[in-house]
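Positions are given from 1 along the sequence.
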Amino acid sequence: MKKIFTVILVLKFLLLSVILGFNCAIAQGVGSSLVGVWRMDGTKTFQSLKSEDKDKMDQASEVQKSAFNQSLESRIYFFNDDQSFQAEWISNNKPQKISGTWKYDGEAILEIIVNGETKVYSVVLEKSNLMLKPQAMSGGMLNQLFFTKVK
């Protein structure tokens, strides 16, 4: 009887180990498709502007338009395995850089935390294409961000 109890206990332990190992593998894989280097698709991002924001850009000077387009086209987001985040871009001919952390639920919600401020995005992730939509508008013109995975 004692031997049967030991066998049952060992089998339960093995089954639990397999289940926990599988869950850990799933958890590690949740954000793995987001991990990498993403370059903004400035054209798609610009096309997603609201019509009133496009009108503002149409009325802007050529210098302002060029600076805006440079800012869009130069944006690169880095989502690292260790949940660290970095973004780089050019603004007014000067390099800009921010860093923080990220959390992704693997389905539809991404949080990027920079300097204690959390921005929440809805996510559409398809192979090497990423669309981020801020859940709360911050007053900027960008209401959808489109990226292509480069690494």
K.L.:
Using the six-membered ring wherever Trp is involved, compare the ring planes of F147 and Y77 and label them parallel, tilted or perpendicular (cut-offs 30° and 60°).
P.N.:
tilted
K.L.:
Show, in sequence, the C-alpha distance, side-chain angles and deciding distance for Y104 and E111, and conclude whether the side chain to side chain contact (heavy atoms under 4.5 Å, CB included) test is met.
P.N.:
CA-CA 6 Å; Y104 179 48; E111 294 179 6; over 6 Å; no
K.L.:
For residues L110 and V120, determine if any side-chain heavy atom of one lies less than 4.5 Å from a side-chain heavy atom of the other.
P.N.:
no
K.L.:
List the steps, then state whether side chain to side chain contact (heavy atoms under 4.5 Å, CB included) holds for M57 with K65.
P.N.:
CA-CA 7 Å; M57 287 308 299; K65 287 179 189 177; 4.2 Å; yes
K.L.:
Apply the test side chain to side chain contact (heavy atoms under 4.5 Å, CB included) to residues N115 and I98: give CA-CA distance (whole Å), side-chain angles for both, the deciding distance (0.1 Å), then the verdict.
P.N.:
CA-CA 9 Å; N115 297 326; I98 59 170; 5.8 Å; no
K.L.:
Quick check against the 3.5 Å criterion: does N80 have a side-chain atom that pairs as donor or acceptor with the backbone of D82?
P.N.:
no
K.L.:
Tell me whether L132 is reachable from L49 by hopping between hydrophobic residues (I, L, V, M, F, W, Y) whose side-chain heavy atoms are closer than 4.5 Å.
P.N.:
yes
K.L.:
Enter the distance from K54:NZ to Q59:CD here, rounded to the nearest 0.5 Å.
P.N.:
14.5 Å
K.L.:
Say whether V37 and L34 are linked into one hydrophobic cluster, either directly or through other cluster members, by side-chain heavy-atom distances under 4.5 angstrom.
P.N.:
no
K.L.:
Are the side chains of K149 and V35 in touch, meaning some heavy atoms are under 4.5 Å apart?
P.N.:
no
K.L.:
Whether the side chain of D105 engages the backbone of A108 through a donor-acceptor N/O pair (distance < 3.5 Å, no angle test) should be reported.
P.N.:
yes
K.L.:
In Å, rounded to the nearest 0.5 Å, how long is the span from CD of Q96 to OG of S71?
P.N.:
8.5 Å
K.L.:
Are I90 and E73 side-chain neighbours, meaning at least one heavy-atom pair lies under 4.5 Å?
P.N.:
no
K.L.:
Take N93 and Q70, measure what side chain to side chain contact (heavy atoms under 4.5 Å, CB included) needs, and give me the verdict at the end.
P.N.:
CA-CA 8 Å; N93 294 318; Q70 180 186 43; 3.3 Å; yes
K.L.:
F85 and F78: aromatic ring centres closer than 6.0 Å?
P.N.:
no
K.L.:
Transitively linked via ILVMFWY side-chain contacts under 4.5 Å: F146 with I112?
P.N.:
no
K.L.:
Can a side-chain donor-acceptor contact be found between E88 and Q86 if the only test is distance below 3.5 angstrom?
P.N.:
yes
K.L.:
Looking at every heavy atom in both A67 and N92, which two are closest together, and how far apart are they?
P.N.:
CB-OD1, 4.2 Å
K.L.:
Tell me whether D81 at atom CG has more than 12 heavy atoms from other residues, nucleotides or ligands lying less than 6.0 Å away.
P.N.:
no
K.L.:
Side-chain contact, heavy-atom cut-off 4.5 Å: L130 with V124?
P.N.:
no
K.L.:
Can you tell if the side chain of T148 reaches within under 4.5 Å of the side chain of R39, non-hydrogen atoms only?
P.N.:
no
K.L.:
Taking all atoms of both residues into account, what is the closest heavy-atom pair of L125 and S33, and its distance?
P.N.:
CD2-OG, 3.2 Å
K.L.:
Do the side chains of F46 and L72 get nearer than 4.5 Å, heavy atoms only?
P.N.:
yes
K.L.:
Drop me the distance from Q83's CD to I113's CD1, to the nearest 0.5 angstrom.
P.N.:
9.5 Å
K.L.:
For residues Q135 and I109, determine if any side-chain heavy atom of one lies less than 4.5 Å from a side-chain heavy atom of the other.
P.N.:
yes
K.L.:
OG of S91 to CZ of R75: how many Å apart, nearest 0.5 Å?
P.N.:
8.0 Å
K.L.:
Are F79 and W89 connected in the hydrophobic side-chain network, where two residues link if heavy atoms are under 4.5 Å apart?
P.N.:
yes
K.L.:
To the nearest 0.5 Å, tell me how far K133 NZ sits from Q144 CD.
P.N.:
5.0 Å
K.L.:
Would I76 end up clustered with W102 when hydrophobic side chains under 4.5 Å apart are linked, directly or stepwise?
P.N.:
no
K.L.:
If you compare all heavy atoms of K127 against all heavy atoms of W38, which two are closest, and at what distance to 0.1 Å?
P.N.:
O-CH2, 4.0 Å
